[in-house]
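Inspection log for the structure reproduced underneath, given as structure tokens.
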There are 2 protein chains.
Amino acid sequence: MLGNFTYENPTKVFFGRGAVENLKEELTRYGKRVMLVYGGGSVKKNGIYDAVREQLAAAGKEVAEIAGVMPNPTIQKLREGITLARAHRADFILAVGGGSCIDYAKALAMSIHEEEDPWEKYFVRFEDPACEVVPVGCVLTMVGTGSEMNAGSVISDPEKKEKRGKAFADARLFPRFAIMDPAYTMTLPRYQMVSGIYDMFNHICEQYFSGIDDNTSDYLAEGLLRSVLHASRIAVRNPQDYEARSNLMWDATWALNTLIAKGKTTDWMVHMLGQAVGGVTNAAHGMTLAAVSPAYYRHILPYGLPKFKRFAEAVWDVDPTGKSDRKIAEEGLQAMETWMDELGLAKNLTELGASEDMIPDMVRGTLILDGGYKVLDAKEIAEIFRESL
Amino acid sequence: MLGNFTYENPTKVFFGRGAVENLKEELTRYGKRVMLVYGGGSVKKNGIYDAVREQLAAAGKEVAEIAGVMPNPTIQKLREGITLARAHRADFILAVGGGSCIDYAKALAMSIHEEEDPWEKYFVRFEDPACEVVPVGCVLTMVGTGSEMNAGSVISDPEKKEKRGKAFADARLFPRFAIMDPAYTMTLPRYQMVSGIYDMFNHICEQYFSGIDDNTSDYLAEGLLRSVLHASRIAVRNPQDYEARSNLMWDATWALNTLIAKGKTTDWMVHMLGQAVGGVTNAAHGMTLAAVSPAYYRHILPYGLPKFKRFAEAVWDVDPTGKSDRKIAEEGLQAMETWMDELGLAKNLTELGASEDMIPDMVRGTLILDGGYKVLDAKEIAEIFRESL
């Protein structure tokens, strides 16, 4: 049954080739003092930085920069940014990059006017901001996290070996706008492309594999999953296929912009397992999810059989004729693994640098959630990690 | 290929049982002088009017009323409303009703501060508003049109026998919020429920049956169509099934809130044909669409064969084994007609009050669009109407 919910998504999206041309006019809605946030040197090499700088100049903005935002943005980097943004008296934050960069910009947006320590308030106590939130906009260059159209933010403390985040409830944390030019994602290495594809695929699964109802969200999730399969198969053969890359970009946005979770419970255990792997290795986020997924889903299949059967038929076109529900469901997971092989995703934790002796640490590092078909205990988690080696 | 587009949908939705309880707090964001817009007496009989009035009183609003907004709201009624709203110096409009009521509220919102004649400016020249637009909110009581989360408005001039409208581009015309309580739709007569179901189903089809690309929008459309089929089959057996009614309510919103048209061309010829029928009869909108759809889709099937084949397999689970594409596609349309029979939809124009001698008028009343698989000429339109009798 569709439970009660509120839906609100204020992000304005400019999508397509040359979308950055909208930046100048869109920026006229916001203040003069812009904090430009980006990562490493790639946006400088591929011309995106220059294109954005040109728009900022044309809009007459006073710009200060926070460069070097890393893949898992740290609380130390956040503190550095807060100091810079306060000194600049920033009244707008523009993030140019992927999910990490946008996550960082949101954390910054709610910290500039906050007197308390942001780590404690937002990433330990998980409170929503009570202070003024500086508006954020973004130019997306990497596909997968969905951060361009949600209020989620994840920040890490490498000293404590902690990675913490949540989907905040405050609509002020959604990017006010997102510039989404699929051509901007084409220079990404293949490894990161497929890692992003599995990330978006799994975002949909995490919301789909929970609950027993046939609600609108489940049907939308199936449509998105089929779109990801179709476009990803084209993109792995030809990463320069604009159509496929543009569909993947839009799929990723809707995979995690709150819509397909409305009215239902959600799981998110694959992400909890994957993050624990991330805590002990340097593996790409999407690859950690890929490595633990098959064992996890095989483990919970008996507890969510009707949904896994539905998944097999509606997403993978498994022919049910003359088969038991269990058999149909298992064929669905087999089809998923075949597709994962086509993409060249990580097949096990060993290739990501994890080993048997790290399992106790990974088990301790796994936050146990209760929205899925089976609430795991420590023994089951260890088993799933072992099977995933 | 996903073409360039802008996506922006600022409507905040409060969904579920008791959603009206959010009204008081949400209204604090807007001005004191509220124009309350509603239709006939049904909202007074079923208690919705009282619940809304209670919230308005608790929020301390000064309320004036425009009652009696009819199913196809007229320009004459709009002029009456403009006078009332100006006299009240309204700074917020609250619509309580279905699509007609919300369409009317939007037309009012962009006319209060407009000096030009609204019919000429908005519904003949189809311009977007340049004046101040009064914010609109809505409490939805009828499902189908999607007006609760888009910027569309349709107004009629019965004297000229014209019904005109469009999806305006101005984001200020989206309702700021929509209160969506599925229980509010349960008192609706069965005839109106199924008419609304076909309306939402066809909204999806109008956007789906155009273009040759496998883009995200097409996959989302298929997910929504499957959701409509599933929930509608439950709802016709038991209209009091809250789960089915709630899914239908949410399906209808996403069927026409701009998402599934993004990056693609659209058709809308069934609506053009249906509106021409509406010009000469008093038939319910959804029923006019139902009566002309089978003949129209059979007519254009050869021109859009790959999409009709896809429709058959992805939406109706037609087994393609050993069949020609044409055969698969035709079986899809047969399955659609079987479902339409299950719902008890109008099967022909005769039962809606149209007859052979009205065909020339209906042909003249049909606006020809060019986004579908075949641009119709007058002879083809006459043929489709004749087959639909």
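Basis for what follows: all heavy atoms, side chains included, without hydrogens, waters or symmetry-related copies. So that the names make sense, note that chain A is the first sequence line, chain B the second, and so on, each numbered from 1.
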Check whether more than 12 heavy atoms from other residues, nucleotides or ligands sit under 6.0 Å from atom NZ of A:Lys323, and answer yes or no. yes
Are B:Tyr242 and B:Met186 close enough, and set up right, to give a side-chain contact (heavy atoms from CB on, under 4.5 Å), and what steps lead you there? CA-CA 8 Å; B:Tyr242 178 86; B:Met186 300 255 209; 3.7 Å; yes
Please round to the nearest 0.5 Å and tell me the distance separating atom CG of A:Asn257 and atom OG of A:Ser147. 11.5 Å
Geometric cation-pi criterion, B:Arg226 with B:Tyr219: 6.0 Å, 45°: no
Choice from A:Leu259, A:Asp317, A:Asp218 maximising heavy atom contacts with chain B below 4.5 Å: A:Leu259
side-chain contact (heavy atoms from CB on, under 4.5 Å) assessment of B:Cys205 paired with B:Leu225: CA-CA 8 Å; B:Cys205 290; B:Leu225 286 168; 4.2 Å; yes
Which atoms of A:Met180 are under 4.5 Å from chain B, going by heavy atoms: the side chain, the backbone, both sets, or neither? neither
Suppose a student defines contact as a heavy atom less than 4.5 Å from any heavy atom of chain B. Which residues in residues 248-256 of chain A would they list? A:Trp250, A:Asp251, A:Trp254
Considering residues, nucleotides and ligands other than A:Glu54, do more than 12 of their heavy atoms fall under 6.0 Å from its CD? no
Testing A:His203, A:Lys264, A:Glu222 for side chain to side chain donor-acceptor pair (under 3.5 Å) with A:Tyr208, which one passes? A:Glu222
